[in-house]
Number of protein chains: 2
Amino acid sequence: MTETAPRPTLEAVAARAGVSRATVSRVVNGGEGVREILVERVRRAVEELGYVPNQAARSLVTKRHDAVAVVIAEPETRVFTDPFFALQLRGISKELTAHDNQLVLLLTEGRADHARVARYLAGGHVDGALVFSLHLDDPLPGLIQGAGVPTVFGGRPDWKDGTPVYVDSDNRGGAREAVRHLVALGRTRIAHITGALDQTSAVDRLDGYRDVMRDVDPRLIVESDFTPAGGERAMRELLERCPDVDAVFAANDLTAVGALGVLRESGRRVPEDVAVIGFDDMLLVAERSDPPLTTVRQDIEDMGRLMARLLLRGPDSLGRDRNDENPAGASAGVILPTTLVRRASA
Amino acid sequence: MTETAPRPTLEAVAARAGVSRATVSRVVNGGEGVREILVERVRRAVEELGYVPNQAARSLVTKRHDAVAVVIAEPETRVFTDPFFALQLRGISKELTAHDNQLVLLLTEGRADHARVARYLAGGHVDGALVFSLHLDDPLPGLIQGAGVPTVFGGRPDWKDGTPVYVDSDNRGGAREAVRHLVALGRTRIAHITGALDQTSAVDRLDGYRDVMRDVDPRLIVESDFTPAGGERAMRELLERCPDVDAVFAANDLTAVGALGVLRESGRRVPEDVAVIGFDDMLLVAERSDPPLTTVRQDIEDMGRLMARLLLRGPDSLGRDRNDENPAGASAGVILPTTLVRRASA
DNA sequence: ATGAAAGCGCTAACAG
DNA sequence: CTGTTAGCGCTTTCAT
């Protein structure tokens with residue numbers, strides 16, 4: 001259709017405003033130290049010509065890109081079945097937009113893409129990266145760390161060395177609150193169906209459960225995988241091992257819903273016979289399960305926003321304040337609070 | 001931490017390989033017409049130095065960016081409650097990656113962002129755009145069309161003038177298939193709960209329903225909004241207006257689930273008394289509803305992939321083949337087939 | 001406060 | 001087939 005009309009350049013604006021390119025550049029970039037009268041003149045020229053700076057040319061000299069990469073590893077997982085992902089992106093997008101940064105999305109499907117992503121990041125095309133990697137053994141975070149790009153992780157990374165900057169929900173605290181609620185309800189045989197334990201979120205939730213249930217009967221802990229089917233399997237096993245169970249804290253809502261089904265099928269009433277609590281507050285399932293699920297909510301969008309903010313603020317802004325209370329080696333993580341949402345299941 | 005180590009340039013590689021910059025450039029861009037021996041030498045130098053082309057410098061001269069924008073308008077809508085969005089992005093990402101293109105994500109939250117997006121696209125930062133706009137009266141598509149960037153729309157746009165390139169599911173055909181199935185089941189009082197009629201998908205599904213139900217009792221059509229709550233409301237109204245309804249085709253799964261609840265509550269059995277069919281095959285709800293939902297599936301990921309492919313292939317590849325059967329004015333849309341997935345509800 | 005000039009790293013004619 | 005030479009559009013000293 002329309003040939004890409006040649007866009008006006010700085011030169012054109014300068015000519016039109018009767019000043020030099022340098023002056024136009026100054027005005028476009030804030031207008032510091034330029035006479036008001038000229039600023040005005042340049043502004044008008046920009047307006048009239050519909051001038052938009054050429055980002056490539058600018059980047060070439062400034063070495064900045066005003067763009068950050070968001071890398072999401074292995075999206076086959078839960079990422080594509082729940083709104084997590086979308087909410088996170090929304091939070092990130094809002095924050096980036098507010099700072100005039102672009103969002104470059106990098107999705108990876110296994111090893112094959114690792115090299116590509118690493119190369120891209122190392123290639124200096126973006127000013128930073130926000131990375132989500134769900135699995136503990138994922139080599140990608142390591143590669144990225146090696147790419148020398150400022151990075152903020154989503155979810156606590158399984159790191160030994162260095163102090164990665166990350167943002168996470170208070171999985172452990174949220175789990176504690178859930179279990180305490182169950183205790184307050186007078187339940188004594190409180191079980192836990194774990195998530196996939198190769199993810200820190202699952203580990204942390206298990207730890208939170210253990211914090212409250214000090215010397216719990218180990219049979220009350222069943223390992224699962226965050227899926228509804230996994231929840232069903234786990235609940236069956238649980239019922240077999242401990243028919244007297246009177247409460248279950250599931251690692252997420254999907255698992256909880258699976259458990260709910262098995263419980264009903266076994267003739268038990270929820271919450272009368274067995275109270276159930278989930279995690280995530282995934283509205284679509286938590287609100288519409290039978291009975292509606294009591295669960296631990298995390299503010300996903302806020303998490304995304306915070307990650308972006310941390311990244312843009314620069315590597316030195318975190319845990320390195322003037323009055324540094326933070327001895328070397330402390331982890332630079334930000335933990336977001338969770339809240340218990342009471343519905344009918346507990 | 002680490003200062004951005006100065007990245008090696010073409011110059012450096014050239015020096016190391018003992019050739020000119022031009023030769024290195026040729027090799028890096030395919031190596032056509034360069035002696036094998038030199039190609040080899042350059043390749044090694046690139047390898048050893050860890051050279052990565054500076055995209056900004058390249059774009060500056062080629063005017064290409066190997067990047068496409070994905071703009072998703074008004075994500076407060078359903079976009080953030082179902083996996084649609086994520087699947088679409090995955091399809092797009094795969095295709096773009098295969099062609100070494102980057103994905104720049106532009107999310108908009110209302111009018112305020114329109115100008116920003118328009119400016120960005122008009123700014124010539126990307127080679128094309130894939131745009132999703134759900135609402136008929138959304139001004140964004142118009143702005144984008146005006147930006148002069150090659151664009152492919154996701155979902156049939158509500159266009160009068162021009163022939164926008166778009167990809168859509170066969171909403172109308174899918175609806176027809178669903179309703180025909182209901183007819184084949186021997187149902188005679190087949191109702192339709194529509195989606196939000198300011199979206200073409202809802203309109204098309206309604207049209208599909210009408211295609212089969214020629215002179216249907218108008219009271220069997222209830223307008224709704226694609227939400228579970230809307231489905232409940234609509235189903236209540238329907239039951240009141242037509243207590244003899246024996247089947248309902250809901251505009252999507254969420255709506256269908258809402259209807260399911262009301263039906264159960266009213267003492268009707270599904271599918272014995274009333275058969276129900278949804279649309280989308282949103283696994284999380286369709287598979288786990290009670291009873292599991294018979295529904296029309298669309299291949300969302302494929303839709304994304306196709307959009308990207310169309311865009312990369314260039315504006316002239318579509319409906320403009322040598323043997324042009326397509327008179328001027330024909331719409332350049334690609335419609336993807338849907339499939340009826342039978343579960344228990346119909 | 002403003003302009004002149006020198007590149008940023010790369011590709012694309014054009015010679016040779 | 002390979003090297004030389006111009007810029008692409010912008011920022012940034014450095015003078016003025």
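Chain naming here is simple, since letters A, B, ... match the order of the sequence lines and numbering starts at 1 in each. Since this is a predicted model, take the numbers as computed values, not measurements.
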- line: Contacts of A:Lys63 meeting salt bridge (Lys or Arg N to Asp or Glu O under 4.0 Å) (sequence neighbours excluded), chain-then-number -> none

query: Among all residues two or more places apart in sequence or in another chain, which pass the side chain to side chain donor-acceptor pair (under 3.5 Å) test with A:Arg64?
result: A:Asp66

- line: Contacts satisfying salt bridge (Lys or Arg N to Asp or Glu O under 4.0 Å) that involve residues 126-151 of chain A (not counting sequence neighbours) are none

For nucleotides 5-8 of chain C, give me every protein contact, N/O to N/O, under 3.5 Å, one pair per line with atom names.
| from | atom 1 | to | atom 2 | distance (Å) |
| --- | --- | --- | --- | --- |
| C:dA6 | N6 | A:Arg21 | NH2 | 3.3 |
| C:dC8 | O3' | A:Lys63 | NZ | 3.4 |

field: Sub-4.0 Å heavy-atom contacts from residues 25-49 of chain B onto DNA chain C, ordered by number
entry: B:Ser25, B:Arg26, B:Asn29

task: Report the residues that fulfil side-chain contact (heavy atoms from CB on, under 4.5 Å) with B:Ala122, sequence neighbours left out, ordered by chain and then residue number.
output: B:Ala147

message: Could you work out how much the helix from C:dA1-D:dT16 to C:dG16-D:dC1 bends, comparing the axis of its first five pairs with that of its last five, to 10°?
response: 30°

- prompt: Which pairs pass salt bridge (Lys or Arg N to Asp or Glu O under 4.0 Å) with one or both residues in residues 115-125 of chain A, sequence neighbours excluded?
  reply: A:Asp113-A:Arg116

field: Residue pairs involving residues 44-54 of chain A (criterion salt bridge (Lys or Arg N to Asp or Glu O under 4.0 Å); sequence neighbours excluded)
entry: A:Arg16-A:Glu48

task: Check salt bridge (Lys or Arg N to Asp or Glu O under 4.0 Å) between A:Arg26 and all other residues, then give those that pass, not counting sequence neighbours.
output: none

- line: Min and max contacting nt of DNA chain D in 5' to 3' order, chain B heavy atoms within under 4.0 angstrom, are D:dC1 to D:dG9

query: With sequence neighbours excluded, what pairs up with A:Asp168 under the side-chain contact (heavy atoms from CB on, under 4.5 Å) test?
result: A:Arg156, A:Tyr166, A:Asn171, A:Asp204, A:Met303, A:Ile335

